[in-house]
Amino acid sequence: MRRYYRAKSGFVRMRDGKLFTLANAVYLGMNNNSFFVDPSPSLEELDLVRSNFMKHLARARASNSPYDAAVKNEARRELKRVLRGMAHFVNQTANGSLIVLLSSGFEITRYRTRIASPERIRNLRVKDGRKAGQMVFTFQSQPSIRLYEYRYSTDMDESGEIVWNDEVHITTSSRNNLIAPVVPGQVYFLSARAINTRGIGDWSEPITWMAR
């Protein structure tokens with residue numbers, strides 16, 4: 001599972017001088033860069049807001065005036081807005097490619113490990129509950145999983161295939177899922193699947209359990 005890189009798009013704590021240096025690096029990096037055709041926001045807009053910020057930054061530093069500082073801060077907000085938009089464009093275009101990202105002039109962060117689609121769940125187990133008419137369902141957990149679904153049935157068709165009804169149970173835990181009431185002596189078929197931000201996994205191979 002490869003690391004997934006992104007251009008940094010947070011500039012809240014970045015000092016004015018560093019922000020201006022970053023804006024220059026992005027402008028130079030993306031100008032005539034074949035990786036980034038027709039960037040949005042445009043390089044013309046970036047050039048305009050960085051020049052405006054440089055002008056008001058120099059004035060605020062020279063005058064130490066509250067008014068000039070307020071005007072400089074407004075220019076800073078506009079520059080950050082454009083840089084955030086360009087970072088979003090760069091990240092969508094690069095799709096995690098470190099070479100493409102570094103060519104943009106943005107600072108790069110290791111954002112996260114790319115999440116894989118859910119795997120088919122294994123190691124399904126059932127045991128009797130503490131009371132008659134109960135059973136407890138446990139199965140293999142998976143990393144980066146938000147929810148699990150499980151189902152059970154007592155029916156088979158003429159060809160020996162399990163007939164699943166439309167009832168599906170949702171749980172956040174792979175352990176100790178209580179199923180009740182169940183009929184002692186009845187054979188149950190159980191299956192589970194995982195769900196994460198990439199989608200819904202396949203149903204597991206079913207297991208069989210006779211309730212007690």
Side-chain angles (χ1 to χ4, degrees), residues 1-14 22 35-36 80 83-131 133-156 161-182 186-212:
M1 201 176 288
R2 68 183 178 90
R3 298 295 299 180
Y4 193 69
Y5 296 90
R6 288 179 65 88
K8 290 184 179 179
S9 58
F11 316 110
V12 174
R13 298 184 179 181
M14 190 173 288
L22 174 67
F35 290 129
F36 305 110
K80 289 194 298 182
L83 285 173
R84 280 195 298 267
M86 297 193 82
H88 178 72
F89 170 81
V90 165
N91 286 327
Q92 284 196 319
T93 303
N95 192 30
S97 169
L98 185 60
I99 293 174
V100 176
L101 289 166
L102 288 172
S103 74
S104 70
F106 278 101
E107 295 180 353
I108 308 303
T109 183
R110 287 190 173 191
Y111 177 60
R112 60 181 170 88
T113 299
R114 177 166 286 180
I115 296 175
S117 298
E119 298 179 358
R120 178 170 286 184
I121 291 176
R122 297 179 175 84
N123 300 329
L124 285 69
R125 304 183 300 279
V126 185
K127 65 180 181 181
D128 295 327
R130 293 184 177 181
K131 298 180 181 179
Q134 294 180 342
M135 59 185 182
V136 179
F137 187 31
T138 298
F139 43 86
Q140 177 192 47
S141 64
Q142 292 187 25
S144 303
I145 295 299
R146 293 184 172 183
L147 295 172
Y148 300 95
E149 291 182 336
Y150 65 90
R151 60 185 180 178
Y152 55 90
S153 174
T154 59
D155 300 324
M156 299 185 74
E161 294 293 325
I162 301 170
V163 178
W164 302 103
N165 57 36
D166 294 331
E167 187 175 9
V168 174
H169 303 268
I170 299 173
T171 178
T172 58
S173 175
S174 64
R175 298 178 58 83
N176 300 327
N177 292 285
L178 182 65
I179 300 174
V182 295
Q186 175 69 59
V187 174
Y188 287 81
F189 309 100
L190 302 97
S191 181
R193 65 183 178 183
I195 303 173
N196 67 10
T197 54
R198 292 293 301 275
I200 302 175
D202 294 330
W203 285 108
S204 67
E205 290 294 324
I207 62 170
T208 302
W209 177 260
M210 179 180 289
R212 297 179 177 84

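A quick note: this is a predicted structure, and the numbers were derived from the prediction, not measured.
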J.: Rounded to the nearest 0.5 Å, what separation is found between the CZ atom of R151 and the CH2 atom of W203?
T.: 5.0 Å

J.: Going by the rule side chain to side chain contact (heavy atoms under 4.5 Å, CB included), which residues pair with Q92 if we only count those two or more places apart in sequence or in a different chain?
T.: H88

J.: Please list, chain by chain and in numerical order, all residues satisfying side chain to side chain donor-acceptor pair (under 3.5 Å) with E149, sequence neighbours excluded.
T.: R193

J.: Could you tell me which non-hydrogen atom of D128 sits nearest to which non-hydrogen atom of V136, and how far apart they are?
T.: O-CG2, 4.3 Å

J.: Report yes if some heavy atom in the side chain of L22 is under 4.5 Å from a heavy atom in the side chain of F11; otherwise report no.
T.: yes

J.: For S204, is there any backbone N or O sitting under 3.5 Å from a side-chain donor or acceptor partner on S191?
T.: yes

J.: Enumerate the residue pairs fulfilling side-chain hydrogen bond (donor to acceptor under 3.5 Å, both in side chains) with a member in residues 163-173, sequence neighbours excluded, ordered by first and then second residue.
T.: T171-N177

J.: Any non-hydrogen side-chain atom of V90 less than 4.5 Å from a side-chain atom of F35?
T.: no

J.: With respect to Y5, which candidate in N91, I99, L101 satisfies the side-chain contact (heavy atoms from CB on, under 4.5 Å) definition?
T.: L101

J.: For N176 and T138, work out which heavy atoms get closest and say how close.
T.: N-OG1, 3.0 Å

J.: Are the side chains of Y188 and Q186 in touch, meaning some heavy atoms are under 4.5 Å apart?
T.: yes

J.: Are the aromatic rings of F139 and Y148 close, with centres under 6.0 Å apart?
T.: yes

J.: Please name all residues satisfying side chain to side chain donor-acceptor pair (under 3.5 Å) with S141, sequence neighbours left out, ordered by chain then number.
T.: none

J.: Quick one: does S153's side chain have a donor or acceptor within less than 3.5 Å of a partner on V163's backbone?
T.: yes

J.: Between E119 and I145, is there a side-chain heavy-atom distance shorter than 4.5 Å?
T.: no

J.: Under a 4.5 Å cut-off applied to non-hydrogen side-chain atoms, are F36 and M86 in contact?
T.: no

J.: Tell me which donor-acceptor pairs under 3.5 Å the side chains of residues 205-212 have, and how far apart each pair is, sequence neighbours excluded?
T.:
| from | atom 1 | to | atom 2 | distance (Å) |
| --- | --- | --- | --- | --- |
| E205 | OE2 | R120 | NH1 | 3.3 |

J.: Answer whether the closest heavy-atom distance between the side chains of V126 and I179 falls below 4.5 Å.
T.: no

J.: Name all residues meeting the ring pair (Phe, Tyr, Trp, His ring centres under 6.0 Å) criterion together with F106; count only those two or more places apart in sequence or in a different chain, and write none if there are none.
T.: none

J.: From K8 NZ over to M14 CE, what is the distance, rounded to the nearest 0.5 angstrom?
T.: 7.5 Å

J.: Looking only at non-hydrogen atoms, find the nearest pair between I121 and A194 and report the distance.
T.: CD1-N, 3.7 Å

